[in-house]
Amino acid sequence: MPKMNMVQALNLAFHQEMEKDETVVVMGEDVGVNGGVFRVTDGLYNAFGKERVMDTPLAESGIVGTAIGMAIGGLKPVAEMQFSGFAYIGFPQIENNAARMRNRSRGQFTVPMVLRMPYGGGVRALEHHSESKETYWAHTAGIKTVIPSGPRNARALLVAAIRDPDPVIFYEPKHSYRAFKEEVPEAEEVMELGKAQVTHEGTDLTVVTWGSMYHQTRRVVEEYMEQTGVSVELIDLLTIAPMDYKTITASVRKTGRCVVVQEAQRTLGPASEIIALINDHALMYLEAPVKRVSMFDVTMPYFSREQMFMPTPKQIRRAMSETLDF
Amino acid sequence: MPKMNMVQALNLAFHQEMEKDETVVVMGEDVGVNGGVFRVTDGLYNAFGKERVMDTPLAESGIVGTAIGMAIGGLKPVAEMQFSGFAYIGFPQIENNAARMRNRSRGQFTVPMVLRMPYGGGVRALEHHSESKETYWAHTAGIKTVIPSGPRNARALLVAAIRDPDPVIFYEPKHSYRAFKEEVPEAEEVMELGKAQVTHEGTDLTVVTWGSMYHQTRRVVEEYMEQTGVSVELIDLLTIAPMDYKTITASVRKTGRCVVVQEAQRTLGPASEIIALINDHALMYLEAPVKRVSMFDVTMPYFSREQMFMPTPKQIRRAMSETLDF
Amino acid sequence: MPRTKLGPYEVEYLQVLDEAGKLDKDLEPKLSKTDLLKLYRYMKLSRRADERMLKLQRQGRLGTLPVCVGQEASFCGSVLAIRDTDWFVGAYRELGGRLMRGEPIVNTLLYYNGYEEGSYNPNNDRTLPIQVVLGSQTLHAVGLAYASRLRGEKDTVALTILGDGASSEGDFHEAMNFAAVWNTPTVFLVQNNHWAISTPRDIQTKSETFAQKAIAYGVPGIQVDGNDALAVYAATAEAVERARKGGGPTLVEAVTYRMLMHTTADDPSKYRSKEAVEEWQVRDPLARMFNYLKKKKLWTDKQEDQLEAEIKAEIDEAVKAYENFTEGKPDAPFDYVYGEPHYYLEEQREELLEKIRKDAEDA
Amino acid sequence: MPRTKLGPYEVEYLQVLDEAGKLDKDLEPKLSKTDLLKLYRYMKLSRRADERMLKLQRQGRLGTLPVCVGQEASFCGSVLAIRDTDWFVGAYRELGGRLMRGEPIVNTLLYYNGYEEGSYNPNNDRTLPIQVVLGSQTLHAVGLAYASRLRGEKDTVALTILGDGASSEGDFHEAMNFAAVWNTPTVFLVQNNHWAISTPRDIQTKSETFAQKAIAYGVPGIQVDGNDALAVYAATAEAVERARKGGGPTLVEAVTYRMLMHTTADDPSKYRSKEAVEEWQVRDPLARMFNYLKKKKLWTDKQEDQLEAEIKAEIDEAVKAYENFTEGKPDAPFDYVYGEPHYYLEEQREELLEKIRKDAEDA
Ligand SMILES: Cc1ncc(C[n+]2csc(CCOP(=O)(O)OP(=O)(O)O)c2C)c(N)n1
Ligand SMILES: Cc1ncc(C[n+]2csc(CCOP(=O)(O)OP(=O)(O)O)c2C)c(N)n1
Ligand SMILES: [Mg+2]
Ligand SMILES: [Mg+2]
C-alpha cells in the first residue's frame, strides 16, 4: 500500500470519487488552478475542468448558498471554506437552509453536500486560522459533523461524506495535514459516519479524543501503557454529531474512568456532551470524575502563546494519572 | 410598585438608560417608528430621535458590524435581531470581531454593545421563529450570554448589559414577553451579570433552568413541593456564559440530585455544560444521574408539533420524581 | 485635461399598460388568449385566497401569515414567463405565483397552521418551499441554475423572487455576483413593494432604483411597473429568453405596493398613512387586467362572475380539505433529520413517543 | 413608444501622473513640499520594510506574512488625505499606510511573530488593528463614522481599505448600503490589485470596474490609477472633503497590482505568468514619484541616498527591538477576555499557570 499524508489521501478520495460520479463538483476560494491553499484539491482542475472544479468569488455565504442550490439540483458539491475561522459567514446558510431543507420540504429536496474546512492550531498561523469550533456545527440538527484523525480514515470518511444524503461538515485537522504518513490502499475504502472507533482496547481507563488531538494523545497513551502497564482504551470519536455515545459508555462501564482531550474551548466543547452522555448512561460505573483536558475559555491566542493554551502531552499524561489515582 | 410585563419592563430600562446616558443608541429592523415587532422599543424614537433610534436597512451582519464600529467609537449600541433565528447572519461579526477586539487590540478598543433577540418557542410562529440556540453564543469566548426569565430581572439585567464593558448577547424569552406581570420598581435596579439566582432554597433536589423554561418549571416545582413535601432548590441560571457554576455545584453538593430543564436541543445544549461542571466539582456528591429535560436533536418543528417537542410540565415532574426515586 | 467619465451605465424602464388603461401597442407582449386568461385567473385566485386566509386568521383558524394583495401582477406576470421545468425559488409573498406552479391551496393553509405537511409542492418538484430567511434563497437559485446547466439541461432557468428589503442582505449581493461571474441562467425579480414591515424603501437604499444595482455586477437591469402584468411578463420573458440562450442573469425590479399589513401580526397604522396607500389603490393590477381583457374582447362580465364562483368553490374546497386534515404521526420530524437513520435519533424518537404516552396517562 | 432608459449613471476615472512620467497639470493636487516628501518617504519605508520582513520570514524569524510591494501609492496616497483624528480602518495590505499612522515597525514584526503585543497602534487610537476577516472591517468604518458624527465631531471621517476580493463579501455590500442610507462620512478604498490569492479579478466580478459598484448604492464612485500616488491622494482627498461637509460616502477604486506572492505561504507561479507581472513593473509607483519629485526639483540623488540610509537604520533598529523583545506574561490573554474579571475565568488562569509550572517540572 502506498504511504500518504492526509493531504494526499484526501486528494486521492477526490480523484476517485469524481472519476466515478460525475455529479461530484468541487468549489471554493482558490481550490481550482491553485489546488487549494493546502493543496488538497491539487490536480482536480486539470483533471475535471473548470465547470466541475470552481474557483469562486471570495464570499463564504455565496459558496455555501450556491452549493445548497447545486445539491438540491442534483449535484454533490464539496465546498471548501479556506479556514474554519471564516466558515461562520457560511453558517447561516447551513443552519437556516442546508440543515432544514429535508424537513422543510418533507423530503422532496435534500442537500447532499460536504463543507470541508481546515481547523485547529499548532501551525504558527495568523488570527482566525487556529480555532476548533466543532460545537457550532454539532449543536445543529440535520447536519453531520465529522473529524478524521489520520490519512487513512480521512480518505475513507471523505468518500462517505460525499456519498451521504445529507450535509456533512468535514473538519480537517490542518496540523495533521502533512505531519505523518500512513498506508492508504489504492482500492476504495469507505467508513460509516456516526461511528467512533476503539483504536486501543483496554480495561483500566477510557480516553476519548478526535482530530489532531488524536495522535498526540495516542502517543501519550502508548508511552504510558508501556511505562506503567496500565491498560487504556483509546477511542477516536471521528463523528461529533450524531454522536456514537454507546462506544464511549460501553467502554466507561468497563473501565470506570475517563479522560476526554479536546482542542476546543472548555465551555460547551464536545467534551461537555461526552460527559453528559456518560452521566445519562454510565454514571454509576464511574469511579472518578471524567477529566476534561481542553483549551481555556479565551479567544485562541496568537501563535506565540497558542501551544501553551492547547492541551499538552504532559497535561494529558497528568490527567490520566490523576484519574487513575482518584 | 407598578406591575409590568417583560416588554414594558424592558422598555422602562431603555427609557431610563437612554435618558441617563446619551451614548446609548438603539438600532435594528423596525425598532424605530414601529417600536419593534414586539414593541420593546416603543416610544424611543419619539423620545430620543432618529439619530439615536435607528431603523436600519434589512441586514443583520450590517447591523452588528456597524454597531461594533459605534461601540469602538464611543457609543453604547443596543442592537436588535428581530428573531434569534436570523441572528446567525450577525454571528460572524460577533465571533470574528466583537468577541475579539479587546484581545486583538490589547484593550485599546472595546465593544460595549448589547445584541438583543427574542428566542424560543410556544408562540405559534413561523419557521425560524422558535429556536433556542444559546449554545452558539455561550461557546464563544469574549462575549457574555444572558437570559432573563421575568419582567423584573429582564429590566435589571438589560441595564447591566448596557453598562457592561463587553459585548452581551441578550436572549429574550419571547414566550414570556406578555405572559405575566411582576412588580417592577420605578427606581433603577441593576443585577450583576455572570451570577445565577437561587429562587427557592431546598435540600432534596436541585433544579436548574433559565429563560422561558423558568416559569413553567417554577410552577411544577411549587406544585410538587406542596403535594409531596419534597424540598427543592430551584436555580434560575440567568447568565449562560460565563457560567456561575458554583451556585449550581454548591447546591448539588447539598442535595445530591439534579434536574436541568432546557428548551434547547439536547446535544451540546447548556445542560451538557452544567452536567460537565457538576462532574468537575460535585460528582462524588451525586446520588443519581443528573436528569436533562430538553428538546430533541431535531430542527424545531413547525408550530403544530412544537409543544410536544419542547419540555412539558408533566415531563419535568416525572424527571423530578425519577431523580428523587433513583 | 478633464477627468474622464466611465460608462455611461444604463438600465431600462418598462410599462406596457398604464394605470389609466392606456396600452403601448409596440410593447405589448404576444400572449395567447389561453395565457392571458390563465394569468388573470391566477391573479384573481391569489387575491381571493388571500382574503379568505385573512378571514380565517382573524377567526383564529390560522397562524400568522403574510398576504400579497396588490402585488398579483408582479408574481403572476413573472411566473407566467417560466416553464414547469424551470426552477422557481420564491420567498413568501407570491401566493399566486406558487399556485401557478401547481401548489394546492390546502398546502398553503396547512403551512400557515404550522404543518410541514403543507410546506412543499406535491405537483412540481422544481418549486422550492417558502423561504423565510430573507434573501438567502437567491443563492439557491444560482446554484440550481448552475446545476441544471452542468447536468446538460441546456435551457433550464431559475427564477428567484425577493423583496426590496431582502436586497439589503449580503446574500443578495453574493448571489448577483456569483450569477454574473458564472453567467448562470438566473433571473432575479425584486418585488419592490416599498415596505419591509415598517421600513420604507428610502431607508432600505439610497439608490433611485433597485434595477440599477445590476450595474454593480455588470449584468442587465430593468425596472418595470409591477402592477402592470404585461410589463412584468414581458421583462421577465425577455430575461428568461436571454438566460436560456446563455446570456446570463438579469435583475428585474417590479415596482409595486404592499396594500395591506406586513403580516397579520402587523399594524401598519403605526407607521404609514392611509393616503399613501390610497394613492396606489387606483393602480390595482387586477382592475387593469380586467379592463385590458374586456377591451380586447377576451372577457365579459358574465365570465367574470363565473370565474368568481369557480374560485370561491375552489377555495371552499381547500378550506374543507384543510379542516378535515388529520394530523400525521407526531414523530414525523424524526423522519426528516437524516436520510439514513442513526440509533441515537431513533432512541430519541422512542423517548418522544413515550413522553407523549406518559403525558397522556398523567392527565 | 420605445422603452425608456434610466440613468445614465457614471463614475469617473482619474490619473494625474502617468507611467511615462507625464503630469496632468490641471489635475495636480496642491500638496506642500513637506507632504510630498512625507508621502515619498513612507512609500519607500513601506517597500524596504516589506523587503526586510520577507527576508526575516525566509530565515524562519517571522511567521506567515503578506507584503505590499507595488501598492505603495495606493495606501500611502490615500492615508495622506486623512488626519490623525480621522479613523483608519484597514485590512492587512497597507503597511506604509499604517506606518504613516504612527504604528512602530517593531509592532508589525511582533504581530507577524504571533504576539498580540504587536497588534495595536500605541501612537494613534483611531487606527484599528489589522483585520484578517475580509470585508468585515468596512462595517466598522461605517459605525465609527456614525458614532463620530453623533458625538458631535462634525468633521471626523473614516477611511476604510479593502481588497478586490473582499468586495465580493456580503459585508461590503451592507457597509456601502448602510453608509449611503445613513449618509455617513466614510470613504471606501478598494485596492484592486487584480488578485485574491490565486483568484484573478475577472473571477471576482463581471463588472468592468469596482468603482461602478457605487451606482448600486447611489453614491459617487471613482476609479484611479492606483500606482499614481497623486491621483490616489486627489481622489481620496476629494472624497474626504465631501464626507467632512456632510456629503456622505464615496467608493474609490485604486487600480494596482500585487507584484509578489499573496503571503509567504503562497507560490504565485502556480497560477500566473511572469509576463503578467512584468507588464506592471514599468508602472512602479516609487519610480514614478521619484521622477516627479526630481522634475519638480524637490529631490536629488543625494537626498535619495540619505533617505535610504535613514530608512535602513530605522528598520535595523526595529529589528533589534524585535529581537530583544521579552515575552510578556503567559497568562496575558486572560486579561483581555472581559473588562471585569469573572471568577471562572480567574480559576482557569490559575489552571494555566499551574499547567505551565507542572509541564516544566515534568520535563
Ligand atoms: C434574514 C431575515 N431577517 C429578518 C427577517 C424578519 N422579517 C420578515 S419579513 C421582513 C421584511 C421583508 O421585507 P421585504 O424583503 O421588502 O419583503 P416584503 O415583506 O415586503 O414582501 C422582515 C424584516 C427575516 N424573515 N429574515
Ligand atoms: C472572510 C475571509 N475569507 C477568506 C479569507 C482567506 N484569505 C485571506 S486573504 C484572501 C484573498 C484576499 O484578496 P483581496 O481582498 O483582493 O486582498 P489582497 O490579498 O489582494 O490584498 C483570502 C481568500 C479571509 N482572510 N477572510
Ligand atoms: Mg418589501
Ligand atoms: Mg486583491
Proximity breakdown for A:Glu306 and chain D, heavy-atom pairs closer than 4.5 Å: neither
Contact winner vs chain D - A:Glu29, A:Arg317, A:Met308, heavy-atom pairs under 4.5 Å: A:Met308
Side chain, backbone, both or neither of A:Phe86 within contact of chain D (heavy atoms, under 4.5 Å): side chain
Candidates A:Met81, A:Glu80, A:Gln93 - the one meeting side chain to side chain contact (heavy atoms under 4.5 Å, CB included) with A:Glu60: A:Met81
Ring geometry between D:Tyr115 and D:Phe325 (parallel below 30°, tilted from 30 to 60°, perpendicular above 60°): perpendicular
Chain D contact via A:Phe309 - which portion, at a heavy-atom distance below 4.5 Å: both
D:Ile197 portion near chain A, given a 4.5 angstrom heavy-atom threshold: both
Top contributor to chain D interface from A:Thr299, A:Val298, A:Thr56, A:Asp297 [non-hydrogen pairs under 4.5 Å]: A:Asp297
Short side-chain donor-acceptor distance under 3.5 Å, A:Glu131 and A:Tyr119: no
Heavy atoms from other residues, nucleotides or ligands near CD of D:Gln59 exceed 12 (cutoff 6.0 Å): yes
Side chain, backbone, both or neither of A:Thr267 within contact of chain D (heavy atoms, under 4.5 Å): side chain
Interface moiety of A:Ser61 toward chain D, non-hydrogen atoms closer than 4.5 Å: neither
Neighbour count above 12 (heavy atom, 6.0 Å) for D:Lys274 NZ: no
Check: D:Asp331 side chain, D:Leu353 main-chain N or O, donor-acceptor pair, under 3.5 Å: no
Results of side chain to side chain donor-acceptor pair (under 3.5 Å) for A:Tyr88 - residues two or more places apart only: none
Interface residue of largest heavy-atom contact number with chain D, from A:Gln315, A:Arg318, A:Glu127, under 4.5 Å: A:Arg318
